[in-house]
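What follows is a set of notes on a single structure, which appears directly below.
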Number of protein chains: 2
Amino acid sequence: MSDIPLLPNHQSGPKKLTPEQENQQLKKIIRELGLKVTQQRMDILRIVKAGDRHFTAQDIFEAVSETNTSIGFATVYRFLKALSAKAFVTEVRMGGMPARYEWSSQEHHDHLTCTVCGKVVEFENDEIEKLQEEVAKSLGFVLTDHILELFGVCSSSHCQKVYKSAPES
Amino acid sequence: MSDIPLLPNHQSGPKKLTPEQENQQLKKIIRELGLKVTQQRMDILRIVKAGDRHFTAQDIFEAVSETNTSIGFATVYRFLKALSAKAFVTEVRMGGMPARYEWSSQEHHDHLTCTVCGKVVEFENDEIEKLQEEVAKSLGFVLTDHILELFGVCSSSHCQKVYKSAPES
DNA sequence: ATGAACTTGAGAATCATTATCAAAATAATT
DNA sequence: AATTATTTTGATAATGATTCTCAAGTTCAT
Ligand SMILES: [Mn+2]
Ligand SMILES: [Mn+2]
Ligand SMILES: [Zn+2]
Ligand SMILES: [Zn+2]
């Protein structure tokens with residue numbers, strides 16, 4: 001878990017926007033949440049939308065802090081919670097580690113994480129999704145959500161070496 | 001999440017054991033962990049093996065406390081960690097809630113949880129398992145573990161009613 | 001029985017996240 | 001632009017689960 005590679009966000013989508021256009025976009029989102037437009041929310045949202053694909057509250061806090069030295073952690077958490085409540089961002093909580101967030105504009109997908117280097121690969125598998133529905137239905141449930149996280153060792157020689165020399169499982 | 005139904009543990013398996021035979025069994029397990037046999041460990045293990053299928057550290061603490069009024073939380077956590085390190089129990093940590101444990105003698109399985117009443121249903125789907133392997137392999141990973149948790153609403157009329165009358169998602 | 005090594009329980013420490021609340025900012029109205 | 005009702009913010013305390021610390025107690029091979 002030394003370094004965690006960060007995937008760029010929003011590979012596709014609308015291209016060049018003037019700063020003013022971008023601001024209008026951000027304000028629109030904040031108003032859709034029924035919240036007032038504040039500098040903090042603009043800062044957070046700008047980073048969430050333009051930054052790395054996967055991030056933690058800590059990541060956002062640090063990024064915003066470079067500009068706004070007085071941003072509070074509570075503000076970051078509060079706004080991320082508001083964004084995920086309206087599904088603008090997806091929050092994933094696993095184990096004892098900090099929650100991971102990502103902008104939800106993308107297609108649904110699950111994650112495969114390298115337990116050695118922390119690399120995260122996204123994938124999407126319709127068959128698995130369909131089977132999940134079937135499982136739930138066969139048990140009389142209406143499926144509303146799911147968490148699928150795969151863990152393994154990536155193909156990098158370093159990780160493979162560590163894996164093969166591991167004491168045991 | 002009012003009441004959480006508790007499934008009985010070890011539906012099948014070896015039947016009647018004299019108390020002495022059971023103790024020998026428990027001691028054997030503790031020694032396999034390379035640990036000394038103590039009253040606390042015996043108490044915890046007895047409950048883990050005979051109690052409900054899914055339990056939390058709190059559950060164990062309370063159950064043991066009925067007999068041993070001085071058991072410490074740290075002891076419960078320590079021993080559960082030792083048990084899961086050697087895979088005698090499986091520990092699942094999700095979200096902010098307390099970790100859920102279960103004795104691992106059973107077949108691998110995943111869980112479907114009712115978000116209204118907390119009911120937990122176990123299931124096992126070879127197709128999904130196989131597809132997970134394929135996904136990992138296709139991305140160059142060696143799959144070592146996975147977490148699949150489905151969430152939905154169970155068929156009880158109460159939960160269905162709550163679900164249908166829910167504000168929105 | 002003896003003692004080295006291990007274990008225990010109480011309470012402090014962590015860590016991520018939430019709750020409080022007085023001070024500051026926003027936005028709708030004069 | 002000034003007023004003000006309503007929100008929002010940030011510092012800090014609180015939470016809750018889990019882990020750590022360590023003095024006192026226990027286990028077990030000899
Ligand atoms: Mn993702
Ligand atoms: Mn189970
Ligand atoms: Zn790796
Ligand atoms: Zn239910």
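Here is the naming used below: chain letters follow the sequence lines, and residue numbers restart at 1 for every chain.
In terms of phosphate contacts, A:S70 brings no side-chain nitrogen or oxygen within less than 4.0 Å of OP1 or OP2 of D:dT9. Between B:Y77 and D:dT19 there is no side-chain polar atom (N or O) within less than 4.0 angstrom of OP1 or OP2. OP1 or OP2 of D:dG10 has at least one side-chain nitrogen or oxygen of A:T75 nearer than 4.0 Å. For B:R41, no side-chain nitrogen or oxygen approaches OP1 or OP2 of D:dT27 to under 4.0 Å. Look at B:Q40 and you'll find a side-chain N or O under 4.0 angstrom from OP1 or OP2 of C:dG9.
Residue order along DNA chain C, read from the 5' end via each residue's closest nucleotide, puts B:L35 first among B:L35 and B:T69. With DNA chain D read from its 5' end, the first of the two nearest nucleotides for B:Q39 and B:P98 is the one closest to B:P98.
We find that CZ of B:R31 is positioned 16 Å from P of C:dC6, with the value rounded to whole Å. A straight line from CZ of B:R78 to P of C:dG9 spans 7 Å, rounded to a whole angstrom. Residue B:R93 contributes atom CZ, which lies 12 Å from atom C1' of C:dC15 at whole-angstrom precision. The nearest whole Å value for the distance from the CD atom in B:E91 to the P atom in D:dA17 is 14 Å. Counting to the nearest Å, the P atom of C:dT14 and the CZ atom of B:F73 are 21 Å from each other. Rounded to whole Å, atom P of C:dA16 lies 12 Å from atom CG of A:D59. For the pair A:I44 CD1 and D:dT8 P, the computed distance is 12 Å after rounding to whole Å. B:K81 places its NZ atom 14 Å from the P atom of C:dT8, with the value rounded to the nearest Å.
Between the base of C:dA25 and the side chain of A:K36 there is no donor-acceptor pair shorter than 3.5 Å.
Of the candidate nucleotides D:dT9, C:dG9, C:dT7, C:dG9 has the atom nearest to the side chain of B:I71.
Without hydrogens or angle criteria, B:T115 side chain to B:F151 main chain gives no donor-acceptor distance under 3.5 Å.
Ring geometry for B:Y101 against B:F55 counts as parallel: the plane angle stays under 30°, on a 0 to 90° scale with 60° as the upper cut. Under the 30°/60° scheme for interplanar angles, the aromatic rings of B:F61 and B:F73 are found to lie parallel.
Judged purely by distance below 3.5 Å, without hydrogens or angles, the side chains of A:Q25 and A:Q21 never pair a donor atom with an acceptor atom.
Other residues, nucleotides and ligands contribute more than 12 heavy atoms inside 6.0 Å of the CD atom of A:E32.
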